[in-house]
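There's a structure below that I have some questions on.
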Amino acid sequence: MITAAELDAFLQTFTDAQKSYPFKPTLAVYKIGDAMFALLQEDVNPVRISLRCDPQLAQILRDKYETILPGQNLNPKQWNTVICSGQLTIDEVFDLIRHAHHLVSTAA
């Protein structure tokens, strides 16, 4: 299973991203400027990460994987929540993080 520490370490490699805890102490928010691209829920097992996603891809991923849900407490058209229970490999989750980062970094 993927850990919050592994996801955080990868998210920290984006030098243009800032990490903060504006909502609660166990929900890390990663953003570029004012635009969020990832929210890491650190206090649950399995770990959950919400990621910005292209709307068409978001639906395709939800249809394909039972552990990818509409973004929780976010715009479900543009966000997915990934339950990191092992259905997706760490590399697949990293690819989704890269996609989320790219969407926000190119819009900034």
side-chain hydrogen bond (donor to acceptor under 3.5 Å, both in side chains) involving Thr67 - partner list, sequence neighbours excluded
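Testing Thr67 for side-chain hydrogen bond (donor to acceptor under 3.5 Å, both in side chains), a comparison that skips the adjacent residues, returns Gln87.
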
Sequence neighbours excluded, which residues qualify as side-chain hydrogen bond (donor to acceptor under 3.5 Å, both in side chains) partners of Asp16?
His101

If you look only at distance, which donor and acceptor atoms sit under 3.5 Å apart when one is on a side chain in residues 50-58 and the other is two or more places apart or in another chain?
| residue | atom | partner | partner atom | Å |
| --- | --- | --- | --- | --- |
| Ser50 | OG | Thr81 | OG1 | 2.7 |
| Arg52 | NE | Met36 | O | 3.2 |
| Arg52 | NH1 | Gln78 | OE1 | 3.1 |
| Asp54 | OD2 | Gln56 | N | 3.1 |
| Asp54 | OD2 | Leu57 | N | 3.1 |

Only counting residues at least two apart or in another chain, list the ones meeting side-chain hydrogen bond (donor to acceptor under 3.5 Å, both in side chains) with Glu42.
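Per chain and number, Glu42 pairs via side-chain hydrogen bond (donor to acceptor under 3.5 Å, both in side chains) with Tyr21.
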
Mind checking whether Gln18 and Val29 have side chains closer than 4.5 Å, heavy atoms only?
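Of all side-chain heavy-atom pairs linking Val29 with Gln18, none is under 4.5 Å.
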
Residue pairs, two or more places apart or on separate chains, that pass salt bridge (charged side-chain N to carboxylate O under 4.0 Å, His left out) and touch residues 58-84:
none

Sequence neighbours excluded - side-chain hydrogen bond (donor to acceptor under 3.5 Å, both in side chains) pairs with any residue from residues 2-11:
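Checked against side-chain hydrogen bond (donor to acceptor under 3.5 Å, both in side chains) - neighbours excluded - the pairs reaching residues 2-11 are Thr3-Glu6, Asp8-Gln12, Asp8-Lys19, Asp8-Tyr30.
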
For a 4.5 angstrom cut-off between non-hydrogen side-chain atoms, does Ile49 reach Ile97?
yes

Any residue meeting ring-ring contact (aromatic ring centres under 6.0 Å, His included) with Phe10, in chain and number order, not counting sequence neighbours
Phe14, Phe94

Excluding sequence neighbours, so at least two apart, what forms side-chain contact (heavy atoms from CB on, under 4.5 Å) with Asp95?
Arg98

Restricting to side-chain contact (heavy atoms from CB on, under 4.5 Å), what partner residues turn up for Pro25, sequence neighbours left out?
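Scan of Pro25 (side-chain contact (heavy atoms from CB on, under 4.5 Å), adjacent residues dropped) gives none.
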
Run the side-chain contact (heavy atoms from CB on, under 4.5 Å) test against Pro46 and tell me which residues pass, sequence neighbours left out.
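In terms of side-chain contact (heavy atoms from CB on, under 4.5 Å), with neighbours along the sequence ignored, Pro46 is linked to Met1, Ile83, Ser85.
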
The side-chain hydrogen bond (donor to acceptor under 3.5 Å, both in side chains) partners of Asp34 (sequence neighbours excluded) come to none

